[in-house]
Colleague: 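Okay, handing you the structure first.
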Amino acid sequence: MKLRIKGNSLRFRLRQTELAALVDAGHIEETVYLGSEPNARMTYALEHQPSLGCTTLRYHAPELTIVLATENVRAWAETKEVGIYAMIDLGAHGSLEVAVEKDYACLDLSDGDNIDTFPNPNEGAVC
């Protein structure tokens, strides 16, 4: 799972097996270590809950979880939709833009970089 942070926005990119794991297990996560100390880490996760109506955020340092509606995750996984998009209200801090997308194969990289990605809908197109 890839995570891109820019300003008040988060963009998650999932490969095929990661999306399948999210659908089946209801939760996926990764951890990045930022030093040698035990707490020098950040864990980012996606999960889904059936009773949820909209995308929410749960943050307990050092863990950040985006919680999606099960209905939305299953519909997204079963269609050609690129992603799930949401704006989460942060009160006095404005809002957080969240994008959870399928990771498509790059057209200009080697096959090794495209392992387990979704087929790019533009493959074979002439620029």
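Since the model is a prediction, treat every value here as computed from it, not as a measurement.
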Colleague: Less than 4.5 Å apart, side chain to side chain, heavy atoms only: is that true for Thr70 and Val23?
Modeller: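 They are not in contact (no side-chain heavy atoms under 4.5 Å apart), so the answer is no.
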Colleague: To the nearest 0.5 Å, what is the distance between CG (Asp24) and OG1 (Thr17)?
Modeller: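 One gets 11.0 Å once the value is rounded to the nearest 0.5 Å.
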Colleague: Which value, rounded to the nearest 0.5 Å, describes the distance between Met42 atom CE and Leu34 atom CG?
Modeller: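 Those atoms lie 7.0 Å apart.
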Colleague: Find out whether Val73 and Leu22 are in side-chain contact, i.e. whether some heavy atom of one side chain is under 4.5 Å from a heavy atom of the other.
Modeller: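 Heavy-atom side-chain distance check passes, below 4.5 Å.
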Colleague: Is there a path of hydrophobic side-chain contacts, each under 4.5 Å between heavy atoms of I/L/V/M/F/W/Y residues, joining Leu52 to Ile66?
Modeller: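 Cluster IDs for Ile66 and Leu52 differ.
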Colleague: Take Leu3 and Val32, measure what side-chain contact (heavy atoms from CB on, under 4.5 Å) needs, and give me the verdict at the end.
Modeller: CA-CA 11 Å; Leu3 172 62; Val32 59; over 6 Å; no
Colleague: Set out, in order, the CA-CA distance, both residues' side-chain angles and the distance that settles side-chain hydrogen bond (donor to acceptor under 3.5 Å, both in side chains) for Arg41 and Thr43, then state yes or no.
Modeller: CA-CA 7 Å; Arg41 65 180 171 81; Thr43 299; 3.2 Å; yes
Colleague: Among residues at least two apart in sequence or on other chains, which ones pass side chain to side chain donor-acceptor pair (under 3.5 Å) with Arg58?
Modeller: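 Applying side chain to side chain donor-acceptor pair (under 3.5 Å) to Arg58 gives Glu47.
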Colleague: Could you list the residues that satisfy side chain to side chain contact (heavy atoms under 4.5 Å, CB included) with Leu64, not counting sequence neighbours?
Modeller: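 Side chain to side chain contact (heavy atoms under 4.5 Å, CB included) check on Leu64 returns Leu10, Leu57, Tyr59.
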Colleague: Do Leu96 and Met87 belong together in a cluster built from hydrophobic side chains that touch within less than 4.5 Å?
Modeller: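 Result: no, two separate clusters.
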Colleague: Could I get the full list of side chain to side chain donor-acceptor pair (under 3.5 Å) partners for Thr56, not counting sequence neighbours?
Modeller: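 For Thr56 there are no side chain to side chain donor-acceptor pair (under 3.5 Å) partners, ignoring immediate neighbours.
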Colleague: Listed by chain and number, what are the side chain to side chain contact (heavy atoms under 4.5 Å, CB included) partners of Ala86, not counting sequence neighbours?
Modeller: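 Scan of Ala86 (side chain to side chain contact (heavy atoms under 4.5 Å, CB included), adjacent residues dropped) gives Thr55.
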Colleague: Using the test side chain to side chain donor-acceptor pair (under 3.5 Å), find all partners of Glu63 that sit at least two apart in sequence or belong to another chain.
Modeller: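 Glu63 satisfies side chain to side chain donor-acceptor pair (under 3.5 Å) with no residue once adjacent residues are dropped.
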Colleague: OG/Ser9 to CD1/Ile88 distance, rounded to the nearest 0.5 angstrom?
Modeller: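 Interatomic distance, Ser9 OG to Ile88 CD1, rounded to 0.5 Å: 11.5 Å.
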Colleague: Tell me whether the count of non-hydrogen atoms from other residues, nucleotides or ligands lying under 6.0 Å of CD in Glu29 goes above 12.
Modeller: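 Atom CD in Glu29 is crowded, with more than 12 foreign heavy atoms closer than 6.0 Å.
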Colleague: Is there a donor-acceptor pair under 3.5 Å between the side chain of Ser95 and the backbone N or O of Leu90?
Modeller: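 Judged by distance alone, no pair lies under 3.5 Å.
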Colleague: When you measure from the side chain of Lys2 to the backbone of Arg15, do you find a donor-acceptor pair of N or O atoms at a distance under 3.5 Å?
Modeller: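 Pair absent, no side-chain N/O of Lys2 close to backbone of Arg15.
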Colleague: Look up atom NE2 in His60 and atom OG1 in Thr65, then write down how far apart they are to the nearest 0.5 Å.
Modeller: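 His60 NE2 to Thr65 OG1: 8.0 Å, rounded to 0.5 Å.
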Colleague: Is the backbone N or O of Val67 less than 3.5 Å from a side-chain atom of His48, with the two atoms forming a donor-acceptor pair by type?
Modeller: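 The answer is no, because no donor-acceptor pair under 3.5 Å joins these two groups.
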Colleague: With rounding to the nearest 0.5 Å, note down the distance linking CG in Leu19 to CZ in Phe12.
Modeller: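 Leu19 atom CG to Phe12 atom CZ measures 14.0 Å (nearest 0.5 Å).
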Colleague: With heavy-atom distances below 4.5 Å as the criterion, would you say the side chains of Tyr44 and Met1 are in contact?
Modeller: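 SC-SC contact between Tyr44 and Met1 confirmed.
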Colleague: Can you pull out every side-chain hydrogen bond (donor to acceptor under 3.5 Å, both in side chains) where at least one residue sits in residues 77-87? Sequence neighbours excluded, please.
Modeller: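 side-chain hydrogen bond (donor to acceptor under 3.5 Å, both in side chains) check on residues 77-87 returns Tyr85-Glu101.
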Colleague: For Trp76 and Val100, which heavy atoms make the closest approach, and how far apart are they?
Modeller: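 Here Trp76 and Val100 meet closest at CZ2-O, 3.6 Å.
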